[in-house]
Amino acid sequence: MWAGAPSTTPIRFSFYIGALYFLFSIRKDILKREEYERTFSTEECNLLNNLWVDLPQAIKSRITGKLLGDGGITKQINRQPRMQFIHADKDKEWMTYCYHSLKDYIPLQLPTYRKVQDSRLKKGYSESWQCQSRISELITFLEMEWYKDRKKTIPFHLIETCFTNEMLAWWYYDDGHLKKSRSNIPQKIIISTECFSYVENTKLMKLFDKEFQLRFLLDNYNRLVLYDQPSIHYFLHLIQIPPVPCMERKHISYSESLPGLPDKRTTISLPINITLNKPTQEINDSLVNLSSVIKDVRNHMFYQLHYFSLLNTNKRGSYNKYQVVVRNENLEKLYWLKRRTGFSYNSLVQYCFILQK
């Protein structure tokens with residue numbers, strides 16, 4: 001070192017001290033994480049699993065529907081997880097209903113109002129309600145099962161045991177959409193599943209088919225979609241009437257009265273095993289059976305007594321076409337049942353011949 005040059009020893013010393021402090025901080029953070037992860041031993045995981053097993057079936061269904069829908073579990077480093085769900089201000093009633101339905105089993109805090117500035121919106125801001133939980137061992141278990149590397153993944157071994165009507169309702173009211181025509185005819189049901197993988201959605205489709213005989217399809221956005229009319233009505237029957245008025249938009253309002261219609265000439269297609277000599281008379285005579293079907297619809301027994309038999313009338317095969325005049329009283333019943341169940345005139349007429357046997 002030349003004369004008069006400043007000493008670098010203090011600088012080097014400070015550098016080493018800073019480096020050691022940095023390494024010590026990293027090691028301390030790793031130890032904290034390891035210490036937290038070590039709480040998930042096999043024995044303790046079994047204890048956490050028992051918390052889930054011991055829950056009432058209805059509560060497991062609600063939690064599952066919520067996590068498939070708008071619910072999630074947040075988790076910060078070195079912190080225990082918390083459950084959270086957010087709903088738009090227009091769905092405040094649904095938020096309140098969910099809070100009261102879960103709060104005895106999940107330590108939820110009262111929902112809080114949020115207003116966020118958003119220039120993309122016409123009014124310049126969005127309004128929503130957020131509900132977050134405190135920490136609990138049950139939520140720790142749910143985070144372990146529903147998240148892999150902090151990405152939500154469906155634990156099929158759990159949801160298969162609670163794939164119930166109530167679970168469908170909670171999921172649908174969170175993430176479902178019913179597209180209707182201007183005349184209130186349902187066109188399709190969409191469940192937003194784009195956050196799940198193609199493999200997961202394929203498994204969900206198989207589960208719907210296995211448990212409810214509902215054949216969902218995937219659209220181009222990786223969403224589950226139900227297109228055929230009878231299945232849409234059956235799905236809405238399964239989830240029953242919405243528990244809060246704000247969700248009525250996701251259902252259909254039905255008319256109980258029969259419409260006034262005149263006689264009408266139309267074409268009826270029937271399978272070749274049904275042979276008719278006098279089509280107009282024989283078809284109108286068979287349609288007397290519609291009265292008992294309508295009675296069962298009104299008594300909420302249609303899906304138990306008729307639905308799956310009617311599904312068999314939709315199978316492909318060889319058919320004969322008949323030009324007939326349907327009398328007004330029978331046409332009114334056909335029209336009413338088609339609006340209420342989604343089944344076509346052809347299926348309903350064929351079913352009446354089956355009932356005659």
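Below, each value reflects all heavy atoms present in this structure, side chains not excepted, and no hydrogens, waters or symmetry copies.
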Could you tell me whether the side chain of [X] and the main chain of [Y] form a donor-acceptor pair under 3.5 Å?
X	Y	answer
Q213	K210	no
E127	Y113	no
R265	V326	no
T64	S61	no
N299	K295	yes
Q109	C131	no
Q229	F343	no
N289	S286	yes
E194	R223	no
N346	S269	yes

Heavy-atom count around [X] [atom1] within 6.0 Å, excluding the residue itself: above 12?
X	atom1	result
K179	NZ	no
Q57	CD	yes
H157	NE2	yes
K92	NZ	no
K123	NZ	yes

Heavy atoms only: give me the nearest [X]-[Y] pair and the separation to one decimal.
X	Y	result
L287	C352	CD2-SG, 3.8 Å
P243	Y173	CD-CE1, 3.8 Å
L331	P262	CD2-O, 3.3 Å
D175	K250	N-NZ, 4.5 Å
I59	S101	CD1-O, 3.9 Å
E200	T153	OE2-CA, 3.3 Å

_Can you see whether F196 has K152 sitting over its ring - NZ or CZ less than 6.0 Å from the centre and within 45° of the normal?_
no
Distance under 6.0 Å and angle within 45° of ring axis: K188 vs Y227 = no
Find the distance between [atom1] ([X]) and [atom2] ([Y]) and round it off to the nearest 0.5 Å.
X	Y	atom1	atom2	value
W146	M83	CH2	CE	9.0 Å
N320	I274	CG	CD1	10.0 Å
L158	F163	CG	CZ	13.5 Å
R114	Y125	CZ	OH	15.5 Å
L355	Q350	CG	CD	11.0 Å
W171	L224	CH2	CG	5.5 Å

Salt bridge (charged side-chain N to carboxylate O under 4.0 Å, His left out) with E143: of K75, R150, R82, K151, only one passes, and it is R150
Applying salt bridge (charged side-chain N to carboxylate O under 4.0 Å, His left out), run through K60 and E166 and close with a yes or a no.
CA-CA 10 Å; K60 288 190 282 190; E166 188 167 20; over 6 Å; no
Does the side chain of [X] come under 3.5 Å of the side chain of [Y] through a donor N or O and an acceptor N or O?
X	Y	answer
Q323	T267	yes
K338	S344	no
Q130	H87	no

Requested in this report: Could you give me the CA-CA distance, side-chain angles and deciding distance for D285 and K278, then say whether salt bridge (charged side-chain N to carboxylate O under 4.0 Å, His left out) is met?
Outcome: CA-CA 11 Å; D285 289 346; K278 298 180 179 179; over 6 Å; no
Which label fits Y234 and F308: parallel for a plane angle under 30°, tilted from 30 to 60°, or perpendicular past 60°? perpendicular
Pair up each side-chain donor or acceptor in residues 201-209 with any protein partner under 3.5 Å, not counting sequence neighbours, and list the distances.
from : atom 1 : to   : atom 2 : distance (Å)
N201 : OD1    : T193 : OG1    : 3.4
N201 : ND2    : T193 : O      : 3.2
N201 : ND2    : N222 : O      : 3.1
N201 : ND2    : N222 : OD1    : 3.0
T202 : OG1    : Y198 : O      : 2.8
D209 : OD1    : R215 : NE     : 3.4

Note: with side-chain heavy atoms under 4.5 Å as the link, the other cluster members for L305 come out as M301
Problem set entry | Ring centres under 6.0 angstrom apart (Y335, Y345) | no
task = May I have the step-by-step check of ring pair (Phe, Tyr, Trp, His ring centres under 6.0 Å) for Y172 and F235, ending in yes or no?
result = CA-CA 10 Å; Y172 175 67; F235 180 93; 5.3 Å; yes
(message) Could you walk me through whether W94 and W170 satisfy the ring pair (Phe, Tyr, Trp, His ring centres under 6.0 Å) test, starting with their C-alpha distance in whole Å, then the side-chain angles of each, then the deciding distance to 0.1 Å, before giving a yes or no?
(response) CA-CA 10 Å; W94 175 238; W170 277 60; 5.3 Å; yes
(request) Using a 4.5 Å cut-off on heavy atoms from C-beta on, say whether the side chain of L178 contacts that of I232. (result) yes
